[in-house]
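Presented below is the structure to which this report refers.
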Amino acid sequence: MHKRIAVIGAGPSGITALKNLLDEGLEVVAFDRNHDVGGNWIYTEQESHSSVFETTHIISSKTLSQYADFTFDDFDPEAADYPSHDELRRYFQAYARQFNLYPYIRFNTLVIHCKWVNEQEWLVETETEGVRSIEKFTDLVVCNGHHWHPRWPSYPGEFTGEYLHSHHFKKAAPFVGKRVLVIGGGNSACDVAVETSRVSEMTAISWRRGYRIIPKFFFGKPSDKIGEGSAWIPLKLRSFFFDLLLKIMVGDNSLYGLRKVETKFGEVHPTINDELLYKIRHGKVKPRLDIKRFDGKKVIFEDGLAEEYDSVIACTGYYLSHPFFDKDFLDYSAGPVPLYLKMFHPEYRNLYFIGMFQPLGCIWPGAELQAKIMARELAGKWERPKNTPELCELEVKRPHYKQIDTPRHTISVDFHKFKKELLKHLPKDYVSKAVGVLE
């Protein structure tokens, strides 16, 4: 049967899905709401799909954040160890040019609804410049990302000052001279606290639990490269040694007035940040406990401390969201995500998810491997296991890390272990740097 495949999204996962499908000679169309390739990494000061802000740099090093088919050395040998959002945008757009992907992408197009008809047919409704249309496809590839639908916290009372989510934070300048409270201990929260502290009258950061703050460099090397060197060690033992190294290099959170870390390594996502601890010890960022309630512009913390703020910035993550599916068809926003290799659905064989996982590392190398497996299956070169439904359940029952039970931790994987699992399904010569030929 002739395949006609729809790809939702032309961000980092979408373009590698498109590239690898085209490599297999398949007919494919990608849809993206933006005007160019890059997804979240197309920075704009306007509110948009993008979740990056003016000074965003990636939190994984370039050699562990690149496509095997088009490395950072292929793009720019002088790229930073931790590239900026603009370097990443240019990298993804260079990838799309290198493999002639642009003719297959429909930009400024929103996917409104996807209806599964049977194992050979999807109906995909899209909107371009106010005009809606419905097309038939045999297979659907979902690459819409999972850092764009903000998740807000809930506290008693009401805050009457400026209240925004990190998704809407673009730069520090609007917070000059203000008293700012940042909620959260993840990467965005710590970055926002550091950036606002440069211009604010006062910046505080509120944590409900203790987080590990990991420097970007150990012994002059990117910290994830240190982790890569120990990838052969069993996960539990590796986690123990990394915790020990962190304690030696950084010290306990109590030294910085921060909440104690009470989880094992991997139970929550670590935070990669070189400046937060520096800013705390220089008095530029004030550590605070969890919020008890709001009262006008006053914030009351769980230890009874009450302070007034002009702005509160909630850096509290995102929903796993697929608005183009009916809720009774598929909804991963709250519960477990039972997908084999984080991509194969137990029931719908012509539905694929690429890049819908959260590694302790970077998504894109794993997304590229997923895309290659998918493309091989659609080209008839590989077949998924007969017991895929059972394997989907095992993904939930036997995660790489036993993480705390929050929506943020439903799709976590260990970077190195996940790559190893994916590589089992690919030939040794899986790297394909050949430049595509326009039809």
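Checking D139 against Y348 by side-chain atom types alone, no donor-acceptor pair falls below 3.5 Å. Between the side chains of S61 and D224, at least one donor N or O sits under 3.5 Å from an acceptor N or O.
With K433 as reference, D74 is the one residue of D74, D73, D23 to meet the salt bridge (Lys or Arg N to Asp or Glu O under 4.0 Å) rule. Of the candidates V192, I205, N187, C315 forms a side chain to side chain contact (heavy atoms under 4.5 Å, CB included) with just one, namely V192. Results of the side chain to side chain contact (heavy atoms under 4.5 Å, CB included) test with D274 over P215, C190, S223 single out P215 as the only residue that passes.
Side-chain contact check for Y82 versus I59: every heavy-atom pair is 4.5 Å or farther apart. Contact annotation: the side chain of F324 never approaches that of I112 to less than 4.5 Å [non-hydrogen atoms, C-beta and beyond]. Using a 4.5 Å cut-off on side-chain heavy atoms (C-beta onward), E393 and P338 make contact. Looking only at side-chain heavy atoms (C-beta outward), R212 and T263 come within less than 4.5 Å of each other. Put simply, the side chain of R89 reaches to within 4.5 Å of the side chain of D86, judged on heavy atoms. Contact annotation: the side chain of R349 approaches that of R384 to within less than 4.5 Å [non-hydrogen atoms, C-beta and beyond]. The closest side-chain heavy-atom distance from F169 to F175 is below 4.5 Å. Using a 4.5 Å heavy-atom threshold, the side chains of L320 and I411 count as touching.
Scanning all heavy atoms of the two residues, the minimum distance from S412 to K342 falls at O-CE, 4.3 Å. Residues M374 and A17 share a closest heavy-atom pair of CE-CB, 4.0 Å. Residues L276 and A193 approach most closely at CD1-CB, 4.4 Å, considering heavy atoms. Contact between D290 and S206 at its shortest, heavy atoms only, is CA-OG, 3.6 Å. Residues T16 and N20 share a closest heavy-atom pair of O-ND2, 2.8 Å. The shortest non-hydrogen separation linking L339 to F353 is CD1-CD1, 3.7 Å.
Relative orientation of the W382 and F344 rings is parallel, given thresholds of 30° and 60° on the angle between their planes. Taking the six-membered ring where the residue is Trp, F107 and Y102 present tilted rings, their angle falling between 30° and 60°.
Residue-environment remark: NZ (K247) stays at or below the threshold of 12 foreign heavy atoms within 6.0 Å. The local environment of NZ in K216 is crowded, with over 12 non-hydrogen atoms from other residues, nucleotides or ligands closer than 6.0 Å. Within 6.0 Å of the OH atom in Y278, the count of heavy atoms belonging to other residues, nucleotides or ligands does not exceed 12.
N34 places no side-chain N or O within donor-acceptor distance of the main-chain N or O of N40, the cut-off being under 3.5 Å. Judged purely by atom type and a 3.5 angstrom limit, S65 has no side-chain atom pairing as donor or acceptor with the backbone of T63. In this structure, N253 contributes its side chain and Y211 its backbone to a donor-acceptor pair below 3.5 Å.
Using a 4.0 Å cut-off between charged side-chain N and carboxylate O, R209 and E262 make no salt bridge. Between K419 and E228 there is no salt bridge, since no side-chain nitrogen of the basic residue lies less than 4.0 Å from a carboxylate oxygen of the acidic one. For the pair R238 and D414, the salt-bridge criterion is met [side-chain N within less than 4.0 Å of a carboxylate O]. For E421 and K424, the salt-bridge test fails: no basic side-chain N is under 4.0 Å from an acidic carboxylate O.
How far CD1 of I105 is from CG of N108: 12.0 Å, rounded to the nearest 0.5 Å. To the nearest 0.5 Å, atom OH of residue Y43 and atom NZ of residue K170 are 7.0 Å apart. Expressed to the nearest 0.5 Å, how far CG of L255 lies from CD1 of I280 amounts to 11.5 Å. Considering OG of S13 and CD of Q370, their distance stands at 7.5 Å, rounded to 0.5 Å. Taken to the nearest 0.5 Å, the NE2 atom of H416 stands 9.5 Å off from the CG atom of L360. Put simply, CG on D191 and CD1 on I272 are 10.5 Å apart, with the number rounded to the nearest 0.5 Å.
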Practice prompt. Evaluate side-chain contact (heavy atoms from CB on, under 4.5 Å) for L426 paired with I373, printing each intermediate quantity in order.
Written response: CA-CA 7 Å; L426 291 170; I373 296 169; 3.8 Å; yes
Practice prompt. Kindly indicate, with the supporting measurements, whether the criterion side-chain contact (heavy atoms from CB on, under 4.5 Å) is fulfilled by I213 and V250.
Written response: CA-CA 8 Å; I213 305 297; V250 177; 5.7 Å; no
Item to complete: Run the numbers on D331 and S333 for side chain to side chain donor-acceptor pair (under 3.5 Å), then give the verdict.
Response: CA-CA 6 Å; D331 182 9; S333 61; 2.7 Å; yes
Item to complete: Could you please spell out the steps behind the side-chain contact (heavy atoms from CB on, under 4.5 Å) verdict for Y104 and V7?
Response: CA-CA 10 Å; Y104 306 93; V7 175; over 6 Å; no
Practice prompt. Could you check D243 against S239 for side chain to side chain donor-acceptor pair (under 3.5 Å), going step by step and ending with a plain yes or no?
Written response: CA-CA 6 Å; D243 246 351; S239 298; over 6 Å; no
Worksheet item: Given F325 and Y332, is the side-chain contact (heavy atoms from CB on, under 4.5 Å) satisfied, shown in steps?
Response: CA-CA 11 Å; F325 289 138; Y332 293 140; over 6 Å; no
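Checked against the 6.0 Å centroid criterion, the rings of W152 and F159 do not qualify as a close aromatic pair. Not less than 6.0 angstrom separates the ring centroid of W364 from the ring centroid of Y95. Under the 6.0 Å cut-off for aromatic ring centres, Y318 and H165 qualify, their centroids lying closer than that.
Residues passing the salt bridge (Lys or Arg N to Asp or Glu O under 4.0 Å) test with K372, sequence neighbours excluded: D69. Partners of E390 under the salt bridge (Lys or Arg N to Asp or Glu O under 4.0 Å) rule, at least two apart in sequence or in another chain, do not exist in this structure. Applying the salt bridge (Lys or Arg N to Asp or Glu O under 4.0 Å) test to K236 and every residue at least two apart in sequence or in another chain returns nothing. Partners of Y91 by ring-ring contact (aromatic ring centres under 6.0 Å, His included), not counting sequence neighbours, listed by chain and number: Y67, F70, F72, F75. With sequence neighbours left out, E45 forms a salt bridge (Lys or Arg N to Asp or Glu O under 4.0 Å) with K171.
The side chain to side chain donor-acceptor pair (under 3.5 Å) contacts involving residues 298-315 comprise E162-S311, R259-E302, R288-E307, K297-D310, E307-Y309, where partners must be two or more places apart or lie in separate chains.
Because its NZ or CZ atom is not both nearer than 6.0 Å to the ring centre of F219 and within 45° of the ring axis, K221 does not count as a cation-pi partner of that residue. Judged by a 6.0 Å distance limit and a 45° cone about the ring axis, R106 is not positioned over the six-membered ring of F31. Under the 6.0 Å distance and 45° angle rule, R281 counts as a cation-pi partner of Y256.
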